[in-house]
Amino acid sequence: MGKLVRLALLGCGTVGSEVVRLLHEQAADLAARVGAPIEIAGVAVRRPNRARGDLPVDPALFTTDALGLVKRDDVDVVVEVVGGIEPARTWLVEALRSGKSAVTANKALLAEDGGTLHDAAAEGGADLFYEASVAGAIPLLRPLRDSLHGDSITRVTGIVNGTTNFILSAMDATGAGFTEALEEATALGYAEADPTADVEGFDAAAKAAILASLAFHTRVGADDVHREGITEVSAADMASAKAMGCTIKLLCIAERGPGADGAESVSVRVHPAMIPRSHPLASVGDAFNAVFVEAVAAGQLMFYGRGAGGAPTASAVLGDIVAVARNRLAGVHTASESAYADLPIRPMGEAVTRYHISLDVADRAGVLAAVAGVFARHDVSIATVRQSGRDADASLVIVTHRAPDAALAATVEELRGLDVVRSIASVLRVEGGQ
Ligand code: NDP
Ligand code: HSE
């Protein structure tokens, strides 16, 4: 019997079942590419007796004892596609510390406690690959981790959540409100039964943390990411964006540069933002993902494709399996982390961008001056003002020049206390223009 690479597959749901299918359908090619056949040693699931259609895997391989499977001597590589923090962390740490390579799609765990996994990989001299954890099928993490390692990345801007991009694209196309668009996303199977992680930005924030860590050679966790979801984005916001030649996207933005004190630092944020229709990310529709990377020597790069779904995500998992299997046969491993820069995280208040503020005010002499005075007091410069009247009230839409987030927050706070301001309908950041 020749060489063999044996996998412990943890999870056989949307992604895991497609991993099984691809391993089966491409067995000969994969063996040729790796230099040895890849075999499934066992599949850990929660419900081993669940009907799994015509999945090409021996039912006898199913087990509920994931940890026991990970510890088996005949397992070389552990593939974790279960998700969540525990017990996935325990399984992966056990595998890595004992020198078994690991492939995971678990963005939540990587963002919550990636350091523990990286430390375990270093301790065990094992590979930790996680291409599928951000932007599904799109080859993105290895370009950041390998191809761009000779360059300095300054900014990563992306649409990294398919569900919210579908919802915002639908709102843009049809004028629908958030709730209506979410219902459509659910009916079409894009949004999960509990869409909180997607619509509140948790999923995108986890991905932003992973991207920032790789791009800037520093550890960034989910808690370091400023996060706002899309639940407050209204049909009126979208209409207002359209009137400005913009659309609204849930963006993840990671930047490296000097903070207010001049020291090099990192800022990572996820929030809805208006972007001009001419921006490359504006045309990313449906449930697609796209990430725009800016580097000193390379300039601007854009990565685009399917960010979710069983087969696209399994494609990225398979790519990682091939890479770690090859390394195993060669008796080498790749350092999974480069965190030497060890940069501080810049507070959100220091993030500088433009803003779109929509407010309802009394329509009488001196109101515009009073409102403008508040902006001036906080050193936020107004770029445009649009007013439309309604009886004794008026709707004001103000777009600012670039200003720090803290200055804008103080402006909004003071506006709320102004007796001529009836309400502040929305505050949205404007990205990607001059
Ligand atoms: P699913 O919910 O479809 O599948 C989860 C699998 O894990 C199921 O097979 C389930 O078993 C098994 N499982 C759950 N709990 C346990 C447990 N305690 N012990 C053993 N097995 C368990 O998830 P997905 O396939 O959608 O996602 C998997 C991972 O991939 C997650 O980390 C997710 O974030 C990530 N990911 C998913 C994408 C997608 O489009 N779905 C895209 C990118 C990343 P059973 O089958 O018996 O229920
Ligand atoms: N829920 C995620 C999304 C799945 O909508 O993008 C892919 O990570």
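Because the structure is predicted, anything quoted here is derived from the model rather than measured. Each ligand, and each atom within it, is numbered from 1 in the order the structure gives.
- Given atom 8 (O) of ligand 2, the protein heavy atom at minimum distance is Lys107 NZ, 2.5 Å.
- For ligand 1, the polar-atom distance check against Trp91 finds no nitrogen or oxygen pair separated by under 3.5 Å.
- Tested against Val284 for a side-chain contact (heavy atoms from CB on, under 4.5 Å), the candidates Ile159, Thr247, Val291, Asn289 yield a single pass: Ile159.
- Arg429 and Asp405 are joined by a salt bridge, as a carboxylate oxygen and a charged side-chain nitrogen come within less than 4.0 angstrom of each other.
- A donor-acceptor pair under 3.5 Å is absent between the side-chain atoms of His24 and the main chain of Val20, judged by distance alone.
- For atom 47 (O) of ligand 1, the closest heavy atom belonging to the protein is Arg47 N, 2.7 Å.
- With a 4.0 Å cut-off on non-hydrogen atoms, Asp203 touches ligand 2 through its side chain and not its backbone.
- Heavy atoms of Gly307 approach ligand 2 to within less than 4.0 angstrom.
- Between Asp73 and Arg6 there is no salt bridge, since no side-chain nitrogen of the basic residue lies less than 4.0 Å from a carboxylate oxygen of the acidic one.
- Protein heavy atom closest to atom 37 (C) of ligand 1, with residue, atom name and distance, is Val15 CG2, 3.7 Å.
- Listed by atom number, the atoms of ligand 1 under 4.0 Å from Ala308 heavy atoms are 40 (O).
- Salt-bridge annotation for Glu228 and Arg269: absent, with no side-chain N of the basic residue lying under 4.0 Å from a carboxylate O of the acidic one.
- Set against the non-hydrogen atoms of Ala132, the atoms of ligand 1 under 4.0 Å away are 43 (C), 44 (C).
- Looking at ligand 1, you won't find any N or O of Ser133 less than 3.5 Å from one of its N or O atoms.
- Side-chain contact of Thr63 with Asp65: a donor-acceptor pair under 3.5 Å is absent, judged by distance alone.
- At a distance under 4.0 Å, a protein heavy atom can be found next to atom 30 (O) of ligand 1.
- Contact between Glu80 and ligand 1 is absent, with no heavy atom of the residue lying under 4.0 Å from the ligand.
- Side-chain polar atoms of Asp360 and Ser423 form a donor-acceptor pair below 3.5 angstrom.
- Residue contacts with ligand 1: Gly84 is placed with no nitrogen or oxygen under 3.5 Å of a nitrogen or oxygen of the ligand (distance criterion only).
- Among protein heavy atoms, atom 6 (O) of ligand 2 sits closest to Gly162 N, 2.7 Å.
- Atom CD of Glu232 has 12 or fewer neighbouring heavy atoms from other residues, nucleotides or ligands inside a 6.0 Å radius.
- In terms of protein heavy atoms, atom 9 (O) of ligand 1 is closest to Cys12 N, 2.7 Å.
- Between the side chains of Asp237 and Ser234, at least one donor N or O lies within less than 3.5 Å of an accepting N or O.
- Remark: minimum distance from atom 1 (N) of ligand 2 to any protein heavy atom is reached at Asp198 OD1, 2.9 Å.
- When non-hydrogen atoms are compared, ligand 2 lies under 4.0 Å from the backbone of Thr163 as well as from its side chain.
- Nearest protein heavy-atom contact of atom 35 (C) of ligand 1 is Ala105 O, 3.4 Å.
- Any N or O atom pair closer than 3.5 Å counts here, and Asn289 shares no such pair with ligand 2.
- The environment of CD in Glu264 is crowded: more than 12 heavy-atom neighbours from other residues, nucleotides or ligands sit within 6.0 Å.
- Listed by number with element, the atoms of ligand 1 under 4.0 Å from a non-hydrogen atom of Arg52 are 45 (P), 46 (O), 47 (O).
- Of all atoms in ligand 2, numbered sequentially from 1 with element shown, those under 4.0 Å from a heavy atom of Ala308 are 4 (C), 7 (C).
- Heavy atoms of Ala66 stay at 4.0 angstrom or farther from ligand 1.
- Between the side chains of Ser265 and Arg346, at least one donor-acceptor pair of N or O atoms lies under 3.5 Å.
- Arg72 places a side-chain N or O within donor-acceptor distance of the main-chain N or O of Ala41, the cut-off being under 3.5 Å.
- Scanning all protein heavy atoms for the shortest distance to atom 32 (O) of ligand 1 gives Gly83 CA, 3.1 Å.
- A salt bridge links Arg219 to Asp119: one of the charged nitrogens lies within less than 4.0 Å of a carboxylate oxygen.
- Of the N and O atoms on the side chains of Arg386 and Thr384, not one donor lies less than 3.5 Å from an acceptor on the other residue.
- Closest to atom 23 (O) of ligand 1 among all protein heavy atoms lies Val82 O, 4.4 Å.
- Heavy atoms of Gly309 approach ligand 1 to within less than 4.0 angstrom.
- Note: His279 and Phe292 have tilted aromatic rings, judged against thresholds of 30 and 60 degrees for the angle between ring planes.
- Remark: minimum distance from atom 34 (O) of ligand 1 to any protein heavy atom is reached at Lys107 CE, 3.1 Å.
- The shortest contact between atom 42 (C) of ligand 1 and any protein heavy atom is with Thr313 OG1, 3.2 Å.
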